[in-house]
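Structure, as structure tokens:
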Amino acid sequence: MTEGTTTAAAEGGDTLTRLEQEGEIAADYLEGLLDIADLDGDIDMDVEADRAAVSIVSDSATGDLRKLVGRDGEVLEALQELTRLAVHRETGDRSRLMLDIDGFRAKKREELAALGAQAATDVKASGEPLKLAPMTPFERKVVHDAVAAAGLRSESEGEEPQRFVVVLPA
């Protein structure tokens, strides 16, 4: 191995270690929140696309965790920001951690990927740009990725919280 290869491998290992640490801090924080709220849930940690990913899942069919998702994922988004702040407080570094609760974000990702693919198909057929409804940053990212996978470009326009995706013809 050359020195550059060794350095790159060490940096990759350092990044993985840092992301795993973020996941551990987030898991501890979320365990505390679950205890306070008296909710049952298991916490899974992973590293996906160069970011820590933490999921809260439940074995019970009671749907108690849905309270932590809220309407259209609003509570989930707030909990994700609070969890990122908890990680930042411990590490001093900004976190890009992704939080999923009861599979909500995973299901939403599938729906948005299908929306992006359909929008790309529609734009290819019409040759006209297509504006989609306002979305959160997470939602826009999934749609942008799906549009790019279909071979088209997309842009975000507008100001939060009314920022939206525009799918552009080739």
Side-chain angles (χ1 to χ4, degrees), residues 11-116 119 131-149 154-167:
E11 287 175 3
D14 290 347
T15 300
L16 181 60
T17 301
R18 181 180 52 80
L19 293 174
E20 288 172 343
Q21 179 189 17
E22 281 186 21
E24 292 288 337
I25 294 167
D28 290 345
Y29 177 76
L30 292 166
E31 280 286 342
L33 285 178
L34 289 174
D35 287 344
I36 290 168
D38 195 29
L39 294 172
D40 290 325
D42 295 323
I43 298 182
D44 293 332
M45 296 175 292
D46 199 1
V47 174
E48 298 173 1
D50 292 332
R51 61 171 59 185
V54 178
S55 300
I56 303 174
V57 293
S58 176
D59 292 336
S60 71
T62 62
D64 286 345
L65 290 181
R66 297 293 301 169
K67 296 173 188 173
L68 298 178
V69 173
R71 192 182 82 231
D72 296 325
E74 291 172 341
V75 176
L76 170 59
E77 290 288 334
L79 285 174
Q80 177 175 278
E81 286 306 310
L82 289 172
T83 305
R84 287 176 174 176
L85 286 171
V87 170
H88 176 75
R89 185 185 67 227
E90 292 291 321
T91 65
D93 295 325
R94 183 177 175 275
S95 174
R96 295 176 53 234
L97 176 133
M98 289 297 291
L99 175 63
D100 192 6
I101 298 175
D102 209 23
F104 176 83
R105 200 176 292 272
K107 186 171 121 186
K108 188 77 166 177
R109 182 178 281 121
E110 290 175 15
E111 293 169 0
L112 291 165
L115 172 67
K131 294 180 180 180
L132 301 178
M135 299 178 192
T136 67
F138 160 76
E139 294 169 336
R140 290 194 308 271
K141 169 76 168 107
V142 173
V143 171
H144 286 305
D145 290 347
V147 169
S154 58
E155 298 175 348
S156 292
E157 294 183 4
E159 298 293 322
E160 295 293 352
Q162 296 300 312
R163 198 155 168 82
F164 58 94
V165 173
V166 179
V167 181

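Here the structure is a predicted model, which is why all the values come from computation and not from measurement.
From Leu76, atom CG reaches atom CG of Asp102 across 10.5 Å, with rounding to the nearest 0.5 Å. Separating the CD atom in Glu74 from the CG atom in Leu79 is a distance of 12.0 Å, to the nearest 0.5 Å. The line from NE2 of His144 to CG of Leu112 is 11.5 Å long, rounded to the nearest 0.5 Å. Rounded to the nearest 0.5 Å, atoms CG (Leu68) and CG (Leu33) are 8.0 Å apart. Atom CZ of Phe138 sits about 5.0 Å away from atom CE of Met98, to the nearest 0.5 Å.
Asp35 CG: more than 12 foreign heavy atoms inside a 6.0 Å radius. With a 6.0 Å radius and a threshold of 12 heavy atoms from other residues, nucleotides or ligands, Glu159 has its CD atom at or below the threshold.
Side-chain N or O atoms of Asp100 include one that pairs as donor or acceptor with a backbone N or O of Arg105 at under 3.5 Å. Remark: the backbone N or O of Met135 is paired with a side-chain donor or acceptor of Arg140 at under 3.5 angstrom.
No side-chain heavy atom of Lys141 sits less than 4.5 Å from a side-chain heavy atom of Arg109. Within the 4.5 Å cutoff, the side chain of Leu65 has heavy atoms near those of the Leu34 side chain. Gln21 is not listed as a side-chain neighbour of Thr17, based on a closest heavy-atom distance of 4.5 Å or more. Between Leu99 and Leu30, some side-chain heavy-atom pair lies under the 4.5 Å cut-off.
Shortest non-hydrogen contact noted between Gly23 and Ala52 is N-CB, 4.1 Å. When all heavy atoms of Gly116 and Val147 are compared, the pair lying nearest together is O-CG2, 3.7 Å. Scanning all heavy atoms of the two residues, the minimum distance from Asp72 to Phe104 falls at C-CZ, 3.8 Å. Of all heavy-atom pairs between Phe164 and Leu132, the closest is CB-O, 3.2 Å.
Residues that satisfy the side-chain contact (heavy atoms from CB on, under 4.5 Å) test with Pro134, not counting sequence neighbours, are Gln162. Remark: Glu110 pairs with no residue by the side chain to side chain donor-acceptor pair (under 3.5 Å) rule, at least two apart or across chains. Applying the side chain to side chain donor-acceptor pair (under 3.5 Å) rule to Asp64 yields the partners Thr62; only residues at least two apart in sequence or on another chain are considered. With sequence neighbours excluded, no residue forms a side chain to side chain donor-acceptor pair (under 3.5 Å) with Asp28.
Sorted by first and then second residue, the side chain to side chain donor-acceptor pair (under 3.5 Å) pairs with a member in residues 83-96 read Glu22-Ser95, Glu81-Arg84; sequence neighbours excluded.
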Listed pairs under 3.5 Å, donor-acceptor, residues 40-49 side chains, sequence neighbours left out:
none

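By the 4.0 Å N-to-carboxylate-O rule, Arg163 lies too far from Glu139 to be salt-bridged with it.
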